[in-house]
Amino acid sequence: MSIIEIKIQSVVGQALKRLCGQEVPESAIQIQKTKKEFEGHYTVVVFPFLKISRKSPEQTAQEIGTYLQQNEPSIDAFNVIKGFLNLTIAEASWLEMLNSIHQDQEFGIKNAGENSPLVMIEYSSPNTNKPLHLGHIRNNLLGNALANIIAANGNKVVKTNIVNDRGIHICKSMLAWQKYGNGETPASSGKKGDHLVGDYYVAFDQHYKAELASLMEKGMTKEEAEAASTLMNEAREMLVKWEAGDPQVRELWATMNGWVYEGFDETYRKLGVSFDKIYYESETYLVGKDKALEGLEKGIFYRKEDGSVWADLTAEGLDHKLLLRADGTSVYMTQDIGTAKLRFDDYPINKMIYVVGNEQNYHFQVLSILLDKLGFEWGKGLVHFSYGMVELPEGKMKSREGTVVDADDLVEEMIRTALETSVELGKQENASQEELAETARIVGLGALKYFILKVDARKNMTFNPKESIDFNGNTGPFIQYTYARIQSVLRKAAAEGITVPQQLTGSLELNPKENSLIQMLSEFPEVVKQAGEDYSPSGIANYTYDLVKEYNQFYHDYSILREENTERKLFRLMLSQNVGKVIRTGMGLLGIEVPERM
């Protein structure tokens, strides 16, 4: 709630106590933005008060409105439409609000204190057999934005990553490299390490399919061919050797994973994504196994006749969940329990948020119950930030077939398209090559990030690169261009010797656009708060777009530097400066940079 809304809520409470003789909790006093077709800025819904007023909705609203106008200077006028009390805020209150916003450099941001809750957010979660792709981009951008938003709501935040660095998938890449690689390295090939390893994962699949086809031509069924596959059996043998700690297999594993990590780090840097702590499944799965055995000893879990360990979740309305196979090896659930144990040892976690696609909804429902049973304080309240899949207009992607959209390729394409579009539109004609390149980077990445983050995370989405780079409409470049336009106005003002004051004094009659912009700015802290409560970066994105759209209409309709009235000119410069400030903060929460010039 803005300062004005809090004030209205308080005075309405006083009015009800005076008029009806009863105290009403402030939470029961609903205040909304007045609909555009009605006169006013804020609307009080009076229907909840009819039981204590014992009067009609219109009469109740009329009496509250009269009290407010007589006792609260910020209320300039009111009107009643059925059970809705529409309030018009006095000009002086809007100027006071703008002064307050202007003086707060971190407007909308609540900083963490010593006793603030610690929220851990897990995102990215890549496999070491392939480079990051478009799906990972959505995951990373959502996780990074969510971390920023949670921190902006006054929480301590730890950003973590769990790398899936073990299992049959990495053995496939390793085996293919041994057979077909001829000693190739990132240095000798000029390829990023994650791309190189990903190529061998694809190569394994190609050779495996060719082997199956050959066996099936000899009369085997598909199932028989799969069982007889020499290549797949070799990969499984390599996994067994890895589990047993075979020195040669472990050395190759460490080398190839090292190539991948260097590649991942480069991609993360491009995306502006970082982590406070990285965990590796090769280090967590044994811890998870120990926790499963501990749960077995305590009677939380049970063992079947074949030696496998299970959790009975029928009391929770679910089924039985496997935790350890009959041969004692762990499953994904066990690994997640082990990771949770290590994290709980490392940090005093109050809340844990997992940023993972919606195909894992059931997994995290089960994990929450198991962690709670094992005594993790945050287990029951863990949050699965579940998001939908991202596709291209051409359709779905498949890693093993090499048809995914590579993250690095997409970033480069976005930057190149941004540069081409900027030149085509004649923007930055006098800029140097370095300035053009840097602006293209900011705009290209801004287009990519904004297009993904403006969509409700729970929905599946189609990413359209051409549509995202448009300088008009609900896009990153449109917002960035408006910010750059504001900075241009402020630079011109400074060149003319005009300084934006720290505080506006006196009175000024505001037009509806100016009123609307201040009101929208005042809503920003509530937008940030709501985005944190709903785990919704899209709330920030769409608010920022609405603010920019409103500002552009104002900019089109009214002069700023050519305004003859000095007081009004200074007001419009201050208003513009603070719109720019909120754009920069809002986009920053999304992990998007804004350029000073475009």
Side-chain angles (χ1 to χ4, degrees), residues 134 137-138 140-142 144-145 148 270-273 390 392-393 405 407-456 461-491 520 537-556 576 579-598:
L134 179 55
I137 287 180
R138 190 178 197 192
N140 279 282
L141 297 184
L142 285 169
N144 186 62
N148 293 337
K270 287 179 186 174
L271 290 172
V273 167
V390 56
L392 288 168
V405 176
D408 296 305
D409 291 346
L410 182 57
V411 167
E412 292 308 316
E413 181 192 334
M414 295 299 297
I415 294 171
R416 186 171 59 253
T417 305
L419 182 59
E420 289 169 0
T421 306
S422 182
V423 171
E424 192 179 304
L425 295 174
K427 298 183 186 297
Q428 288 194 294
E429 288 180 349
N430 300 319
S432 67
Q433 288 301 311
E434 289 77 12
E435 288 171 328
L436 280 171
E438 177 62 4
T439 303
R441 183 192 67 79
I442 292 171
V443 173
L445 280 168
L448 170 64
K449 293 179 180 183
Y450 185 84
F451 198 91
I452 286 176
L453 294 173
K454 73 176 181 180
V455 179
D456 181 345
M461 69 169 291
T462 300
F463 176 71
N464 188 322
K466 289 180 182 176
E467 201 178 305
S468 73
I469 211 85
D470 196 340
F471 278 74
N472 296 298
N474 191 1
T475 66
F478 174 67
I479 294 169
Q480 290 171 318
Y481 185 66
T482 301
Y483 176 82
R485 168 183 277 171
I486 290 170
Q487 301 317 300
S488 176
V489 170
L490 294 171
R491 282 194 299 273
M520 286 189 78
S538 64
I540 303 273
N542 290 300
Y543 162 84
T544 307
Y545 170 65
D546 288 339
L547 176 65
V548 163
K549 195 166 57 169
E550 190 75 4
Y551 180 82
N552 278 319
Q553 289 173 359
F554 158 77
Y555 183 86
H556 179 268
S576 298
V579 168
K581 179 173 74 180
V582 169
I583 291 171
R584 185 177 66 245
T585 303
M587 294 290 267
L589 291 175
L590 301 177
I592 300 172
E593 297 171 75
V594 283
E596 295 297 308
R597 289 177 171 82
M598 268 180 80

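Note that the structure is predicted; figures quoted are calculated from it, not measured.
For the atom pair OH (Tyr481) and OG (Ser422), the distance works out to 10.0 Å, reported to the nearest 0.5 Å. Atoms OG1 and CG, on Thr421 and Asp470 in that order, are 8.5 Å from each other to the nearest 0.5 Å. The distance from atom CG of Asn474 to atom CD1 of Ile479, rounded to the nearest 0.5 Å, is 6.0 Å. Atom CE of Met598 sits about 12.5 Å away from atom CD of Gln487, to the nearest 0.5 Å. Rounded to the nearest 0.5 angstrom, Thr482 OG1 and Glu550 CD are separated by 12.5 Å. Note that the CG atom of Leu134 and the CG atom of Asp409 stand 11.5 Å from one another [nearest 0.5 Å].
Ring centroids of Tyr551 and Phe554 are separated by less than 6.0 Å, placing the two rings close together.
Among all heavy-atom pairs drawn from Thr544 and Ile540, the shortest one is OG1-O, 2.7 Å. Shortest non-hydrogen contact noted between Leu590 and Leu453 is O-CD1, 3.3 Å. A pairwise comparison of heavy atoms in Ile486 and Ser576 identifies CG2-O, 3.3 Å as the closest pair. Here the closest non-hydrogen pair linking Ala447 and Ile469 is CB-CD1, 3.6 Å. Heavy atoms only, all atoms of each residue included: Thr475 and Tyr450 are closest at C-CD2, 3.5 Å. In plain terms, the two heavy atoms of Gly591 and Asn148 that are nearest each other are N-ND2, 4.0 Å.
Put simply, the side chain of Lys270 reaches to within 4.5 Å of the side chain of Asp408, judged on heavy atoms. In this structure, Val411 and Met414 have side chains that are not in contact, with every pair of non-hydrogen atoms separated by 4.5 Å or more. For the pair Arg584/Lys581, a side-chain contact is recorded, criterion being any heavy-atom separation below 4.5 Å from C-beta on. Residues Phe463 and Val455 fail the side-chain proximity criterion, which asks for heavy atoms closer than 4.5 Å.
With hydrogens and angles ignored, the 3.5 Å screen pairs no side-chain donor or acceptor of Tyr483 with any backbone N or O of Val548. Without hydrogens or angle criteria, Asn542 side chain to Lys454 main chain gives a donor-acceptor distance under 3.5 Å.
Just one of Lys449, Arg441, Gln480 meets the side-chain hydrogen bond (donor to acceptor under 3.5 Å, both in side chains) condition when paired with Glu593; it is Arg441.
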